Structures are given as structure tokens and as C-alpha cells.
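Report on one structure; see the data block that follows.
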Amino acid sequence: MSDAKNNLLLFFDRPSEPCFMQKGEENAVFEIPDNYYPEKYQRVSNAIGNRFGSDAGRMIPIRNIALPNLDLPMELPYNEQFSLFVPKHRKLAGRLIDIFMGMRDVEDLQSVCSYCQLRINPYMFNYCLSVAILHRPDTKGLSIPTFAESFPDKFMDPKVFRQAREVSSVVPSGARMPIVIPSNYTASDTEPEQRVAYFREDIGINLHHWHWHLVYPFDAADRAIVNKDRRGELFYYMHQQIIARYNVERMCNNLSRVRRYNNFRAAIEEGYFPKLDSTVASRAWPPRFAGTTIRDLDRPVDQIRSDVSELETWRDRFLQAIENMSVMLPNGRQLPLDEETGIDVLGNLMESSIISRNRPYYGDLHNMGHVFISYSHDPDHRHLEQFGVMGDSATAMRDPVFYRWHAYIDDIFHLYKYKLTPYGNDRLDFPNIRVSSVSIEGGGTPNTLNTLWEQSTVDLGRGMDFTPRGSVLARFTHLQHDEYNYVIEVNNTGGSSVMGMFRIFIAPTVDESGKPFSFDEQRKLMIELDKFSQGVKPGNNTIRRKSIDSSVTIPYERTFRNQADRPADPGTAGAAEFDFCGCGWPHHMLVPKGTTQGYPMVLFVMVSNWNDDRVEQDLVGSCNDAASYCGIRDRKYPDRRAMGFPFDRPAPAATTLSDFLRPNMAVRDCIVRFTDRTRQRGQQGYIDSNRRQRSTEPCGCPSVNVDIDALIRKPYYYIPCNHKHHIF
């Protein structure tokens, strides 16, 4: 059974190649029944079997089962785009998930997958199989490859793939040098929005958004797959934090905070040209020109016919529900929006999953906002164009309008939060606990966070269909920070030890004009950095916490699914958790970019009473290190407080952050200093301003000095050192 489980992962290898071709490092071949072959291959099925099976490393016999009705999932053409935001596509995916979940054992799942892989749209097949593997009890120990490995075309410049095909065809596997992915290739410096392209187009950030929607699917017959603890509130909070982080990045780059997209009749000033190709659809992703206006949709091919006025109607119903502090149920009764569950109800209504309390009345505002924008270039399908990047959860965050749309969605949620009673001392204070100071150590200058560029690699080989086998590495540049420690001084004046919940945030101190923020503005820009429990003994305590242990982030190795770090036995609980742990904010984007002169921010820490915050549950072996944005697999959210506490509600009595502080809180002014240099992951070296690679290694090798532009032109011909850790 373990082999059968592992065999499922082969369906993610070269996803557009038929499953009867050799897959994986073992060159395994699925030995499918003759009736499983598509019509175009049935006449030559024996020849195909002999061709790919003669030198296969391993044959995988496929059980010939009575296949379920696949008519509905097959309505989406094989060579089309797939979107979770399009209602028809969600319906088709929900049905395919039900089929995969309903197979009696892994062998039958393997059989139906081998049939579907030859017929079902590859994007939808990948998504549905991933959801099933995540949620089936007999497959939870499998590690799903990162989406960027299976479909790298959604994340990088298509020029990379021409180079990759050249490398894989010319250079033997094992001797191939990484291909360099250009940075900031979607627009020139004359476009102001390009200053934050490093954030919007970051591979890890876009993988986070895709993986979150994988863990929290919209539709399934088994409601338990969708109806997870505080799912609606997580939808609100995860996106609220994205907007807070994006706004801070903008201010670090001399841009104003994002403007809400709240007038659906107004033109969208920002254009976006994604420079991406879809290998499945064999089309370039369409651009959106500056000044585009969304228009009524009439696209029979997608079963979408909707007027812009529908968005306005749904929006008005949300606003009315918040004004009344109750939502209308299908039976006409009112459901109060209370302090404990109101945000969760609203989040589920906004996301419009199957657990929405009244989808017919409150509609599909969030998803259809994505859809209207993504079809703004061809709303009536007259040009036979498919949706733009806003229509795909793996690409939406690349577009500047994503943040404008979600800033408005966030505003709607905040209207509800303004209706709640401000937190009093009974909720904010922790008697006998006094935080005397918080500081940052590491990186040289005290209370300074240091950022820079870093180059890392991802393997494209799994996603390179119909090319020679073997790894094809691509090197990309992303923001990174030097690791650091929080140092928190706490005094427990009580007579016994207590358990505290430490909550750490960071926020900018001044707005775009240099004016200090009011508390109400600043609290919405608070970025959660960490949350952890810690015992506090009587007297003075010094608490040190490493930034790498953040409850918000997952390390690089899990963002990009480094299989070397995964538990070897797929049947173990540790291996099962490894897969869920793919959901989390990428650690390399924990800290904002800052500025070369040092961007001023304020670090905040609060110690709350763990006995009031804790959720009684067993977390042994659970993936809980990135719980803030993703929750915990098969568990409740590990904090009884509202997400974002204590900054999720207004505090009218506080004009500034200092006014808000209680004895169990402390702040520290700090700066985030950016250095415009590039280091390679795992190396001491960096790329200097003259674009020369310089590195001094502890092994005693001479310094490396290589022309980076030449490396980009012919990346696989330059081997600067015989030692592996020098190769780039």
C-alpha cells in the first residue's frame, strides 16, 4: 500500500505528459488497461506500452475498475485555463474532488487518476488530486510537490523555458548549471508600481496564496473538508495581513498606501502585463491596459452572465448586514453577528464557499470581483481570450489591482470590527506581569533589522513536459533578511509561575508625508511577526526568541518542498505534517524591505494570559509552526482570542500607540536597513554593484570572480570552482 501511495506522486511529474510515459527518477510507467487509453491512442496502445515499458525502471500495474461518471469534470477542455474563482470551474472541481475522495482505497484512486490524467484539464487535475491527498486518511502521509515545480510557467519569465529546453537537450543531467531568472522583468523603472514587483511577483508569496486555497477548498460533498475551524476568520485575517505587509512595502519604496477599488464603475488606473505563458493553454496570459473598466460579463463558454450591478447589490447587502449586526438566513430569520463568531460568519459569506450561511442572497462578491477584473479585457468572449492573472489563485497576487480589491474587502470587515466594544483592561492587562522592555539583537547594530537580496534555486525538471529527463535548476532573486533574536524582559510580581502568550508585531511610525500615525491608522498596519507561549517564573525573566521560529512563516525548504528534509517513511505522522506545513508565509518575506538609510518602525510585544487564550487540544506531532495564517491540521485554531488581537478592534480612548499600552506591553523603536547587494543561498558571497560575483569560502578556495552578465547569457558553461558550494 505504501508503494501505491507513493505512486500517486508520479501524477505530479511532467503533468501534461501522458501517464503511460516514464515518470520520476525511477522511470516508472503506469501499465494502464487498453480501455483507459484515449481514443487517439487506442489503436496503437500495444506499441505505446512496448515503447515506454521496454526500458522502464519500474512497471506499475493499474487495476481495471468500473469508472465513475466523469462527464461533469470533463466539461472543462483539456487545454484551457482553470480558476477557483469561476463558479463553473469550482463546481467541476468539487465533483472531481468528491470522486477522488470517494474511491475505496489507494489502488482504486490510482486507477481513476490514471484514467483522468489522460483526459482532465491538468491544472484542475493537479488541484483536485492535491486536495484529495491532503484530506484522505490513507494519503495524508504524502508530500505534494510544490506547484511551482509542476507548473513553473505560472511563476516565471517564459524565456527561462527556452533556455531550459536548450540546457536539457544539450547538457547531460548532473552537469547542468542553473538558469538565471531575470528580476523585475514585467515593467521598466518608469512604472512606479514596479518598485514593489519584488513583493507581488515573489514565487514564495504566490505559492503561499495558492497553497492556502488548497488547504481551504471552496466545495466538496464532505463538508468537513471545507468547514474547518474559524475558516472565515482566517480568510479575513490572512488577507488583512497581506494588505498590511504590502502597504508597508509600498511606503518603504516611496509609494502611497494602496487605494481601495470601491467604485466598480471607475477605471482601473494601473495596467499590468504579466509576461507569462500558459503551457497547458498554449496562450500568453492577457494583459490589462491602464484605464480599463470592468463591464457586464456575458461568456456562455464559462457559464457566466453577470452585470456589474450584481457586485454592487451584494456589496450593499454586506453593508446592510454589518449595519444591522445580523445576516439574513434563507428562511428569512436574522442571525446576529456576535463578538465571538461574527467575523467568521462574514468571512464565509465573503469567500462564498459551500458553508456560506446564505449564498443566494449575499452572492459571490469576493470571487466575482476577481472574475470581473480578470475578464475586463474580453468580457463577452468576442476575442476568445481567457482570464487574466486575477483569475488564478497562483498568479493573482502579481497584479497591483489584487491589493486594491482586497483593501476594499478588508475595509468591509473593518466596518464590522468598528461595531464591536473596544477591549477593556479585563481583556488587555495581565495582572502581576510587567514587560519592562523588548529589543532586537543580531546583525551588529542593536534594534536594527537588515535586509538584502538573495538568490535561491528551484528545480524545473518536474514541470518540463516532453523534454529530456533530469533536473533543470533555475536561480531567482528574492528579498531576504539576516536572522535575529527578540529579547524580552518580563517581571512577574506574583508568587507563582504563570504561562504567558507572547504576541509580537511591528508597524511603521510615520505616514507617507512623515507625519506620525494615529493609533487607529497604525493598528491596521501592524504586521504579526510571532506568537508563542512561554512560562514566566516569579521575579525577572529574560526571554529570547529566534526569528526563524516565527509562528507566521515556513522556512525556504518547505516553501519550495525540499524533499531531503521530509521524513523518509510516508506512513509516519511526521511525513503527513510535512505536507500541510507547505502552507505558511515564506520566511524570506517576514521582514519588510526597509530603506538604505533605515526605515523607522516600532516593535510591539504583549504578554497575555495563556489560561485565557489556550485551546484545549493535543498538538503533539501537529504542524503548528505557521498557525497564525494557516491554522493547524485537523485541529482548532490554537488561540481563543480574535485573530490580530489586540489590534483587531479600535480603541477610541487611544490617540497614539503609547496611549494604548498596558503594563504587560512594551515597544521599541527600530529601523529596517536595506543593503543593495545579492548573496547566494548557502554561500558567504554576494554580487557587488559592478555585477561581479565575489566569495570567500572557509574551505580556503580562492575568491570567485565571475561576470554575472556572461553567466546569464550562457549559464551552464560557467563553473567557477570545483567545489559544489561555489557552483552558480
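We count residues from 1, following the sequence as given. Remember, it's a predicted structure, so these values are computed and weren't measured experimentally. Side chains are part of it too, since the values below use all heavy atoms of this structure and drop only hydrogens, waters and symmetry mates.
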Under the side chain to side chain contact (heavy atoms under 4.5 Å, CB included) test, which residues partner N206, sequence neighbours left out? F155, M397, R398
For D219, side chain to side chain contact (heavy atoms under 4.5 Å, CB included) partners two or more places apart: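 D219 satisfies side chain to side chain contact (heavy atoms under 4.5 Å, CB included) with R90, I354, R359 only.
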Centroid separation under 6.0 Å, is that true for the rings of [Y] and [X]?
| X | Y | answer |
| --- | --- | --- |
| H414 | Y416 | no |
| W314 | Y361 | no |
| H481 | H587 | yes |
| W285 | Y272 | no |
| H213 | H208 | no |

Could you check R200 against E193 for side-chain contact (heavy atoms from CB on, under 4.5 Å), going step by step and ending with a plain yes or no? CA-CA 10 Å; R200 291 186 285 102; E193 294 296 324; 4.2 Å; yes
Rounded to the nearest 0.5 Å, how far apart are [atom1] of [X] and [atom2] of [Y]?
| X | Y | atom1 | atom2 | result |
| --- | --- | --- | --- | --- |
| L134 | I225 | CG | CD1 | 10.0 Å |
| T451 | Q480 | OG1 | CD | 9.5 Å |
| I412 | R315 | CD1 | CZ | 7.5 Å |
| E75 | H89 | CD | NE2 | 10.0 Å |
| I527 | I242 | CD1 | CD1 | 12.0 Å |
| I203 | F476 | CD1 | CZ | 4.5 Å |

Nearest heavy-atom pair of [X] and [Y]: which atoms, and what distance?
| X | Y | value |
| --- | --- | --- |
| A407 | I243 | N-CD1, 3.9 Å |
| S130 | F12 | OG-CE2, 3.3 Å |
| P592 | V672 | O-CG1, 3.2 Å |
| P122 | V280 | CD-CG1, 3.8 Å |
| F674 | K593 | CB-O, 3.3 Å |
| T186 | E201 | OG1-OE2, 2.6 Å |

Measure from NZ or CZ of R299 to the centre of the six-membered ring of Y375, then state whether that distance is under 6.0 Å and the direction lies within 45° of the axis.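 Yes, R299 lies over the aromatic ring of Y375.
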Identify whether NZ of Lys or CZ of Arg in K228 sits under 6.0 Å from the centre of the six-membered ring of Y216 and within 45° of that ring's axis.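 Yes, K228 and Y216 form such a contact.
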Parallel, tilted or perpendicular: which describes the rings of [X] and [Y], with under 30° parallel and over 60° perpendicular?
| X | Y | result |
| --- | --- | --- |
| Y261 | F264 | tilted |
| F505 | F647 | perpendicular |
| W212 | F235 | tilted |
| F125 | F100 | perpendicular |

Is a side-chain donor-acceptor pair under 3.5 Å present for [Y] with [X]?
| X | Y | result |
| --- | --- | --- |
| N253 | Y198 | yes |
| T292 | H377 | no |
| H135 | D222 | no |
| S628 | E528 | yes |

Sub-3.5 Å donor-acceptor pair from the side chain of Q117 to the main-chain atoms of E17, do we have one? yes
Got more than 12 heavy atoms from elsewhere within 6.0 Å of [atom1], [X]?
| X | atom1 | answer |
| --- | --- | --- |
| R119 | CZ | yes |
| N263 | CG | yes |
| Y418 | OH | yes |
| K91 | NZ | no |

Pick out which of W585, F402, F147 makes a ring-ring contact (aromatic ring centres under 6.0 Å, His included) with H209.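 By the ring-ring contact (aromatic ring centres under 6.0 Å, His included) criterion, H209 pairs with just one of W585, F402, F147: F402.
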Taking E249 first and then R195, would you say they form a salt bridge - that is, a charged N and a carboxylate O separated by under 4.0 Å?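 Result for this pair is no, no salt bridge flagged.
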Inspect the contact between D648 and K417 and indicate whether a charged nitrogen and a carboxylate oxygen are less than 4.0 angstrom apart. yes
Qualifying residue, where the test is side-chain hydrogen bond (donor to acceptor under 3.5 Å, both in side chains) with K154 and the options are T395, D392, T279: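 Testing each of T395, D392, T279 against K154, the sole residue satisfying side-chain hydrogen bond (donor to acceptor under 3.5 Å, both in side chains) is D392.
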Tell me the salt bridge (Lys or Arg N to Asp or Glu O under 4.0 Å) pairs involving residues 256-270, sequence neighbours left out? R257-E512, R257-E521, R259-E269, R259-E270, R260-D411, R265-E312, E270-R404
Pair F85, H366 - check ring-ring contact (aromatic ring centres under 6.0 Å, His included), show working. CA-CA 9 Å; F85 299 124; H366 162 257; 5.8 Å; yes
